[in-house]
Amino acid sequence: DEHGHQVGDEVLQHVSSLMQKMSRKSDIVARWGGEEFVVVSKERSPEAAQRFAERIRKEIEQNPFKDADRDLELPLTVSVGGFVHDFRGEIVPDFEEALKGADMAMYEAKHRKRNAVGWSKYIDGEQQTWLLGDDKEPRSEPVPEPRGGGYVSGRRHMINRAAHKL
């Protein structure tokens with residue numbers, strides 16, 4: 001906002017480019033509204049998914065947006081939220097629940113630390129969140145509700161399209 005919509009759009013393109021560069025061909029990288037992105041990745045172990053999310057966070061942090069024409073360099077940080085599921089007898093959520101878990105984890109990262117990676121997972125039938133590298137146990141107490149109360153129903157179409165590609 002401070003630098004105008006044009007610069008904001010260029011920053012989003014820069015972040016998108018970094019994420020595309022780090023993703024596999026089988027990953028789906030999409031803008032998820034506003035300044036949020038979603039990466040749908042299958043066939044990664046939970047540990048590999050967490051390493052991937054941390055690499056994205058570091059890559060964005062280490063590559064500020066630069067515009068020589070405007071003599072502008074903007075440092076960037078990102079809060080990442082992920083949902084892991086290893087299918088070992090746990091509750092298998094639907095795709096929308098997985099995205100909601102990732103969203104909750106992102107808000108956990110923003111709320112507690114910023115420039116961090118948060119995770120969500122079903123543990124003993126309850127969705128719990130934690131920060132990557134946090135020495136605390138996953139927690140199930142509520143974090144601030146994303147987007148003032150939940151999901152925008154118009155996202156269902158995008159969720160269904162992404163799920164169909166899997």
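Treat the numbers as computed from the prediction; the structure is a model and nothing was measured.
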Problem set entry | Set of residues satisfying salt bridge (charged side-chain N to carboxylate O under 4.0 Å, His left out) with respect to R70, sequence neighbours excluded |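 Salt bridge (charged side-chain N to carboxylate O under 4.0 Å, His left out) list for R70, sorted by chain: E10, D67.
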
Exercise. Where do K66 and H14 land on the side chain to side chain contact (heavy atoms under 4.5 Å, CB included) test, with the steps shown first?
Worked result: CA-CA 9 Å; K66 297 177 184 177; H14 174 68; over 6 Å; no

For this session: Specify the closest pair of heavy atoms between A116 and A109, including all atoms of both residues, with the distance to one decimal.
Result: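 Distance-wise, the nearest heavy atoms are O-CB, 3.8 Å.
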
Exercise. Looking only at heavy atoms, which two atoms of G101 and S120 are closest? And how far apart?
Worked result: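 Where G101 meets S120 most closely, the heavy atoms are O-CB, 3.1 Å.
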
Could you tell me which residues satisfy side-chain contact (heavy atoms from CB on, under 4.5 Å) with [X], sequence neighbours excluded, listed by chain and number?
X   : value
Q20 : S16, V29
R51 : E47, A48, R55
V80 : A53, R57, V78, V117
Q62 : K58

Problem set entry | Under-4.0 Å salt bridge between E96 and K100 |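 The answer is no: the pair does not qualify as a salt bridge.
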
Which value, rounded to the nearest 0.5 Å, describes the distance between [X] atom [atom1] and [Y] atom [atom2]?
X    : Y    : atom1 : atom2 : value
S23  : F52  : OG    : CZ    : 3.5 Å
L12  : R31  : CG    : CZ    : 4.5 Å
I56  : M19  : CD1   : CE    : 4.5 Å
F37  : L18  : CZ    : CG    : 9.5 Å
K113 : L131 : NZ    : CG    : 6.5 Å
L99  : W32  : CG    : CH2   : 5.0 Å

Exercise. Going by atom types only, do E59 and N63 share a side-chain donor-acceptor pair under 3.5 Å?
Worked result: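 A donor-acceptor contact under 3.5 Å links the two side chains.
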
Exercise. Quick one: are I28 and V39 in side-chain contact, heavy atoms under 4.5 Å?
Worked result: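 Heavy-atom side-chain distance check fails, nothing below 4.5 Å.
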
Exercise. Considering only heavy atoms from C-beta outward, does the side chain of H3 approach that of L72 to under 4.5 Å?
Worked result: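 Heavy-atom side-chain distance check passes, below 4.5 Å.
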
For this session: Evaluate the side chain to side chain contact (heavy atoms under 4.5 Å, CB included) criterion for residues V15 and E35: first the C-alpha distance (whole Å), next the side-chain angles of each, then the deciding distance (0.1 Å), finally the verdict.
Result: CA-CA 10 Å; V15 169; E35 56 193 32; over 6 Å; no

For this session: For residues 71-82, pull every pair meeting salt bridge (charged side-chain N to carboxylate O under 4.0 Å, His left out), keeping only residues two or more places apart or in separate chains.
Result: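 As it turns out, there is no salt bridge (charged side-chain N to carboxylate O under 4.0 Å, His left out) pair with a partner in residues 71-82 once direct neighbours are skipped.
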
For this session: For E61, look at atom CD and say whether over 12 heavy atoms of other residues, nucleotides or ligands are found less than 6.0 Å away.
Result: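 Enclosed: over 12 neighbouring heavy atoms sit under 6.0 Å from CD of E61.
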
Problem set entry | R24 backbone acceptor or donor facing D27 side chain under 3.5 Å |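 It does hold such a pair.
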
